Amino acid sequence: MARPVGDPAFEDLTARARIRDAAIRLFAERGVDGTTVRDIAAQAGVSPGLLRHHFGSKEALRESCDAYALDRLMKIKEEFVLDGKVANAGFLPSAHPAMLLLYKYITRSLLDGSAGTAALFDDMVALAEQWVGKHAPEVTDDYRAYAAVLVGMQSGLLAMHDHVSRALGVDVLTTEGYLRMAGAMADLYSHPLLDPEFVAKARRAMEPLRAPNPPTAAGTEPAAEGA
């Protein structure tokens, strides 16, 4: 049964969501260091004390925003890819504003150089690894490496959005720019760039490098340490 708006528990939940959403918008625009607790509280229409009641600190709020952003983006992607909403003409336009905001937020987070950045990247890799193992297990025999490279490539596009935007002539964190970038990504993912025979030869060529003492470029064993 839905709670009435006057119910304190209902107000408590909506206040928490307003604080989180305000923080995501401000962190996306200014970064964590450029945003104060007072800024977030004012944007959310609550007192700084209520923000601390819900989250304790700005860093704890940032961690909550990270978790929400990843969860929301993953759900949107799963709806689009797995639930068949790719065929629903209205789904992507309705979800796109939220996706752009969350991508902007993640971009700023990845660029801020804090310990939270490392945790966010690791969480993204873990989610990608789980997704690949569950939905595309045939693409690789090393899910962790595949996920790490995939996330690195995608987050690299976001982290270098100024350069990518300049090359495309449009900001990739706008609807027009994002759609152009997403189209190019779809082309890359759907059309292999390397011939399977070439890949097999390259893998065989890399096998000697896995040995404890791999051969040098000249085909001879490397000198022992201290020689």
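As the structure is a prediction and not an experimental result, all values here were calculated from the model.
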* Given side chains that start at C-beta, do those of M153 and M185 come closer than 4.5 Å, heavy atoms only? -> no
The reported gap from CG in L61 to OH in Y68 (rounded to nearest 0.5 angstrom) is 13.0 Å
For E207, does the CD atom have more than 12 heavy-atom neighbours from other residues, nucleotides or ligands under 6.0 Å away?
yes
The reported gap from NZ in K104 to OG in S109 (rounded to nearest 0.5 angstrom) is 14.0 Å
dist I106:CD1 -> L158:CG (nearest 0.5 Å) comes out at 7.5 Å
Value for CG (L73) from CG (L102), rounded to nearest 0.5 Å, stands at 4.5 Å
Original post:
So does Y189 have more than 12 non-hydrogen atoms from other groups sitting under 6.0 Å from OH?
Top reply: yes
Here the pair of heavy atoms bringing S155 nearest to F121 is OG-CE1, 3.6 Å
Nearest heavy-atom contact between A41 and L51 is N-CD1, 4.1 Å
>> Please determine whether side-chain contact (heavy atoms from CB on, under 4.5 Å) holds for the pair T36 and L26, giving the CA-CA distance in whole Å, both sets of side-chain angles, and the decisive distance to 0.1 Å.
In response: CA-CA 9 Å; T36 67; L26 291 174; over 6 Å; no
Taken in chain and number order and not counting sequence neighbours, the residues that satisfy salt bridge (charged side-chain N to carboxylate O under 4.0 Å, His left out) with D21 are none
### Message
Within the 4.5 Å heavy-atom criterion, are W131 and L127 side-chain neighbours or not?
### Response
no
Rounded to the nearest 0.5 Å, the CZ atom of R204 sits from the NZ atom of K201 at a distance of 7.5 Å
Residues passing the salt bridge (charged side-chain N to carboxylate O under 4.0 Å, His left out) test with R62, sequence neighbours excluded, are D66, D112
Any donor and acceptor pair, going by atom type alone, linking the side chain of R180 with main-chain N or O of L168 inside 3.5 Å?
yes
| Is the number of heavy atoms from other residues, nucleotides or ligands within 6.0 Å of CD (E59) greater than 12? | yes
Heavy atoms of A15 and L50 approach each other most closely as CB-CD2, 4.1 Å
### Single-linkage hydrophobic cluster M181~V170, side-chain heavy atoms < 4.5 angstrom
yes
Q | Note: K75-D71 ion pair, threshold 4.0 Å (strictly below) | A | yes
(message) I'd like to check Q154 versus Y103 (side-chain heavy atoms, cut-off strictly below 4.5 Å). Are they in contact?
(response) no
Output for pair (C65 SG, R25 CZ), nearest 0.5 Å, gives 10.5 Å
If you count heavy atoms of other groups shown closer than 6.0 angstrom to CG of D33, is the number above 12? no
* Asked: Do any N or O atoms from the side chain of R108 and from the backbone of E29 form a donor-acceptor pair under 3.5 angstrom?
  -> yes
message: Ring centres under 6.0 Å, that's the criterion: do H96 and Y178 meet it?
response: yes
**Prompt:** Side chains of L157 and V172: does their closest heavy-atom pair fall under 4.5 Å?
**Reply:** no
What one should report as the nearest heavy-atom pair of A44 and R18 is O-NE, 3.1 Å
Inset, instruction - Check for a donor-acceptor pair, side chain of K58 on one end and backbone N or O of I40 on the other, with a separation under 3.5 Å. - result: no
Would you find a donor on one side and an acceptor on the other, under 3.5 Å apart, between the side chain of Y143 and the backbone of P137?
yes
- Query: Taking R16 for the side chain and H54 for the main chain, is one N or O donor matched with an acceptor at less than 3.5 Å?
  - Reply: yes
In terms of heavy-atom contacts, V151 and M124 come closest through CG2-O, 3.7 Å
Does M74 CE have over 12 foreign heavy atoms under 6.0 Å away?
yes
Taking every heavy atom of L100 against every heavy atom of T174, the minimum-distance pair comes out as CD1-C, 3.8 Å
Cluster check L194, L150: I/L/V/M/F/W/Y, side chain < 4.5 angstrom
no
